[in-house]
Amino acid sequence: MKQKTRIASKLFAALVVLTLISCCFLGTTMARYTSAGTGTATVQVAKWDVSVTNNVTELTFGDLSPDMEGTAGNRTHSTGRKLVATVTNGKSDVTANVTIELGEMKYNSTATFEETASTVGAPTVAQLENLFEIKLYYNTEDSAENANPITISEGGSADMKTIANNTTWYIYAEVIWKTDDTNKTETNGWYGDKLDTFVGRYVTEISWSLSYTAVQASELPKT
């Protein structure tokens, strides 16, 4: 009886071993085909190459006098157009939008201008500000003569057209002295030659601030 029990135990043990061995073979046979590999995903950064000379500049025009030969009501004298900045989109892969901001007129004076109209003392600040005008222009070549006018007001901004790569814009400015000939009688205060003379005697400098900003205007790849 004991010998039968031993034989049964040995057979059971052998069966367990065979089962384990068969599972190994079956597991290998039923496995999925698999492959592995590694790689690198690379994207090139779109180049930004926009430069602005005189990014924030204080424009100062000296040595400007009023007109001495024009007819009454149309007497103006200009500094001429002067190059004040260049905006260059060099080898950028994207285009750029340019914005120009023009500050309010500032002046240095040894006399104090009145805040309200007066026939005595001094002209008003408004009369002084109306006497001078600044104009801006731009061109894609260094030529002030054929430059395009920029529509902008003091204290405001102008959104320029998109500047493509390999393109340079030349920004010009001029200041105009416009003699006020609206009235010549002494009783009506500061007009014409009298106003010009007061400004020429006491005002030493007129200036405006200019700033330029270039912002990305296209994407790569295009969507």
Side-chain angles (χ1 to χ4, degrees), residues 52-85 87 97-139 144-145 147-160 169-213 215:
V52 180
T53 61
N54 296 330
N55 189 38
V56 177
T57 182
E58 189 79 13
L59 299 183
T60 302
F61 293 87
D63 301 326
L64 176 63
S65 69
D67 177 77
M68 67 177 186
E69 296 180 345
T71 58
N74 189 32
R75 291 192 290 167
T76 63
H77 195 207
S78 169
T79 59
R81 300 177 184 181
K82 299 181 182 292
L83 181 65
V84 294
V87 181
N97 282 339
V98 177
T99 301
I100 299 178
E101 294 185 356
L102 174 64
E104 301 281 356
M105 190 191 86
K106 297 179 182 179
Y107 66 94
N108 292 333
S109 175
T110 57
T112 301
F113 284 80
E114 304 289 346
E115 292 298 327
T116 57
S118 174
T119 59
V120 297
T124 65
V125 174
Q127 285 175 306
L128 173 63
E129 292 176 342
N130 290 334
L131 207 60
F132 296 93
E133 180 184 11
I134 185 171
K135 292 185 176 181
L136 301 180
Y137 308 84
Y138 82 99
N139 204 347
E145 182 179 359
N148 304 290
I150 298 173
T151 302
I152 190 171
S153 58
E154 293 182 23
S157 61
D159 294 326
M160 305 288 289
W169 285 350
Y170 299 87
I171 311 297
Y172 304 90
E174 71 171 332
V175 176
I176 302 172
W177 188 322
K178 304 177 297 180
T179 297
D180 185 359
D181 285 321
T182 54
N183 197 314
K184 294 183 178 180
T185 61
E186 186 70 21
T187 56
N188 286 281
W190 301 88
Y191 295 96
D193 293 342
K194 185 178 180 181
L195 178 59
D196 287 348
T197 301
F198 186 93
V199 172
R201 177 174 295 174
Y202 297 109
V203 176
T204 58
E205 187 176 82
I206 303 290
S207 64
W208 291 262
S209 64
L210 273 177
S211 62
Y212 316 86
T213 305
V215 179

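Since we're looking at a predicted model, the values are computed, not measured.
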Are more than 12 heavy atoms from other residues, nucleotides or ligands located less than 6.0 Å from atom NZ of Lys135? no
For residues Tyr212 and Val84, determine if any side-chain heavy atom of one lies less than 4.5 Å from a side-chain heavy atom of the other. yes
Could you tell me whether the side chain of Thr124 and the main chain of Gln127 form a donor-acceptor pair under 3.5 Å? yes
For the residue pair Gly80 and Ser78, what are the closest heavy atoms and their distance? N-OG, 2.9 Å
Close side-chain approach of Thr213 to Val215, heavy-atom, < 4.5 Å: yes
CA sep, side-chain torsions, deciding dist, call: Val52, Val98, side-chain contact (heavy atoms from CB on, under 4.5 Å): CA-CA 10 Å; Val52 180; Val98 177; over 6 Å; no
I'd like to know if the side chain of Thr110 and the backbone of Tyr202 have a donor-acceptor N/O pair within less than 3.5 Å. yes
Go through the steps to decide whether Phe113 and Val203 satisfy the test side-chain contact (heavy atoms from CB on, under 4.5 Å), and finish with yes or no. CA-CA 10 Å; Phe113 284 80; Val203 176; 3.6 Å; yes
Are Asp180 and Thr182 linked by a side-chain donor-acceptor pair shorter than 3.5 Å? yes
Separation between CG (Leu210) and CD1 (Ile171), nearest 0.5 Å, reads 9.0 Å
From CD1 (Ile176) to NE2 (His77), nearest 0.5 Å: 11.0 Å
With rounding to the nearest 0.5 Å, note down the distance linking CZ in Phe132 to CH2 in Trp208. 7.0 Å
Polar side-chain atom of Glu154 near backbone of Met105 as donor-acceptor pair, under 3.5 Å: yes
Lys82 side, atom NZ; Glu174 side, atom CD - distance, nearest 0.5 Å: 10.5 Å
Exactly one of Ile152, Asn97, Ile150 clears side-chain contact (heavy atoms from CB on, under 4.5 Å) with Met160, and that residue is Ile150
May I ask you to test the Val199-Trp177 pair for a side-chain heavy-atom distance under 4.5 Å? yes
Output for pair (Trp169 CH2, Ile100 CD1), nearest 0.5 Å, gives 8.0 Å
So, Asp196 versus Thr179: side-chain donor-acceptor pair below 3.5 Å or not? yes
For Tyr137, enumerate each residue passing the ring-ring contact (aromatic ring centres under 6.0 Å, His included) test, keeping only those at least two apart in sequence or located in another chain. none
Phe198 to Gly121 - nearest heavy-atom pair and separation: CE1-O, 4.0 Å
Please check if the side chain of Arg81 supplies one atom and the backbone of Ala144 the other of a donor-acceptor pair under 3.5 Å. yes
Any side-chain heavy atom of Asp67 within less than 4.5 Å of one from Thr76? no
Quick check for you: to the nearest 0.5 Å, what is the distance between Glu145 atom CD and Asn139 atom CG? 10.5 Å
